[in-house]
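All remarks here apply to the structure that follows.
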Amino acid sequence: MITYENFWRTLKEKDETWYSLTKHYHLSDNLLHRLKHNLPINTVTIDRLCYILDCEPSDIISYHKNIEVEVNTKINLNK
């Protein structure tokens with residue numbers, strides 16, 4: 001599972017806020033909602049966030065192996 005917990009930490013370290021991202025950088029509330037709830041975003045968005053926050057992708061995303069997803073993937077691949 002990919003999460004964006006690193007994004008929120010980086011946002012705080014860079015002294016940015018939800019408000020500054022929406023008002024100064026014109027990011028949508030929907031995008032920030034997606035980040036907050038660990039929903040998918042695209043690589044162009046990750047690139048833009050890295051540019052805005054002057055950081056690396058690993059400062060925005062992290063991967064956590066999810067056993068349930070792994071099992072479901074294996075089952076689907078075997079069909």
Side-chain angles (χ1 to χ4, degrees):
M1 174 180 195
I2 292 178
T3 67
Y4 306 108
E5 57 200 23
N6 294 353
F7 166 75
W8 299 105
R9 186 173 26 258
T10 302
L11 189 68
K12 186 174 183 175
E13 289 171 2
K14 300 291 183 167
D15 288 328
E16 295 289 351
T17 63
W18 185 305
Y19 180 85
S20 69
L21 292 179
T22 58
K23 299 304 178 193
H24 300 161
Y25 300 103
H26 309 290
L27 298 178
S28 70
D29 284 320
N30 182 50
L31 168 64
L32 296 173
H33 172 82
R34 296 181 74 73
L35 291 164
K36 182 177 180 181
H37 295 284
N38 294 315
L39 298 172
I41 62 172
N42 65 44
T43 55
V44 173
T45 301
I46 294 169
D47 180 60
R48 187 168 180 208
L49 290 169
C50 287
Y51 178 81
I52 290 169
L53 297 173
D54 190 27
C55 67
E56 297 294 320
S58 61
D59 295 324
I60 295 182
I61 61 174
S62 61
Y63 173 75
H64 305 280
K65 193 168 192 171
N66 183 334
I67 302 294
E68 183 179 316
V69 170
E70 181 180 343
V71 168
N72 288 336
T73 302
K74 286 180 181 177
I75 291 170
N76 290 335
L77 291 175
N78 291 329
K79 287 184 178 180

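Note that the structure is predicted; figures quoted are calculated from it, not measured.
Residues C50 and P57 share a closest heavy-atom pair of SG-N, 3.5 Å.
For the atom pair CD1 (I41) and CZ (R48), the distance works out to 11.5 Å, reported to the nearest 0.5 Å. From K14, atom NZ reaches atom CD1 of I52 across 12.5 Å, with rounding to the nearest 0.5 Å. Taking OG of S62 as the start and CZ of F7 as the end, the distance is 13.0 Å to the nearest 0.5 Å. Note that the CG atom of L49 and the CG atom of L21 stand 7.0 Å from one another [nearest 0.5 Å]. In this structure, the separation between SG on C55 and CG on L11 is 9.5 Å, given to the nearest 0.5 Å.
Shown here are the side-chain hydrogen bond (donor to acceptor under 3.5 Å, both in side chains) partners of R9, two or more places apart in sequence or in another chain: N6. In this structure Y63 satisfies the side chain to side chain contact (heavy atoms under 4.5 Å, CB included) test together with I2, K65, sequence neighbours excluded. Scored by the side-chain hydrogen bond (donor to acceptor under 3.5 Å, both in side chains) test, N42 finds T45 as partners (sequence neighbours excluded). Scanning for ring-ring contact (aromatic ring centres under 6.0 Å, His included) contacts around H37 gives H33, with sequence neighbours left out. Residues that satisfy the side chain to side chain contact (heavy atoms under 4.5 Å, CB included) test with D47, not counting sequence neighbours, are absent from this structure. With sequence neighbours excluded, the residues satisfying side-chain hydrogen bond (donor to acceptor under 3.5 Å, both in side chains) with E5 are H64.
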### Y4 vs L39, side-chain contact (heavy atoms from CB on, under 4.5 Å): CA-CA, chis, key distance, verdict
CA-CA 9 Å; Y4 306 108; L39 298 172; 5.9 Å; no
Which pairs would a plain distance check flag for residues 23-32, meaning a side-chain donor or acceptor within less than 3.5 Å of a matching protein atom at least two apart in sequence or in another chain?
from	atom 1	to	atom 2	distance (Å)
Y25	OH	E16	OE2	3.4
S28	OG	L31	N	3.0
D29	OD1	W18	NE1	2.8

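In this structure the side chain of R34 reaches within 4.5 angstrom of the side chain of P40, judged on heavy atoms.
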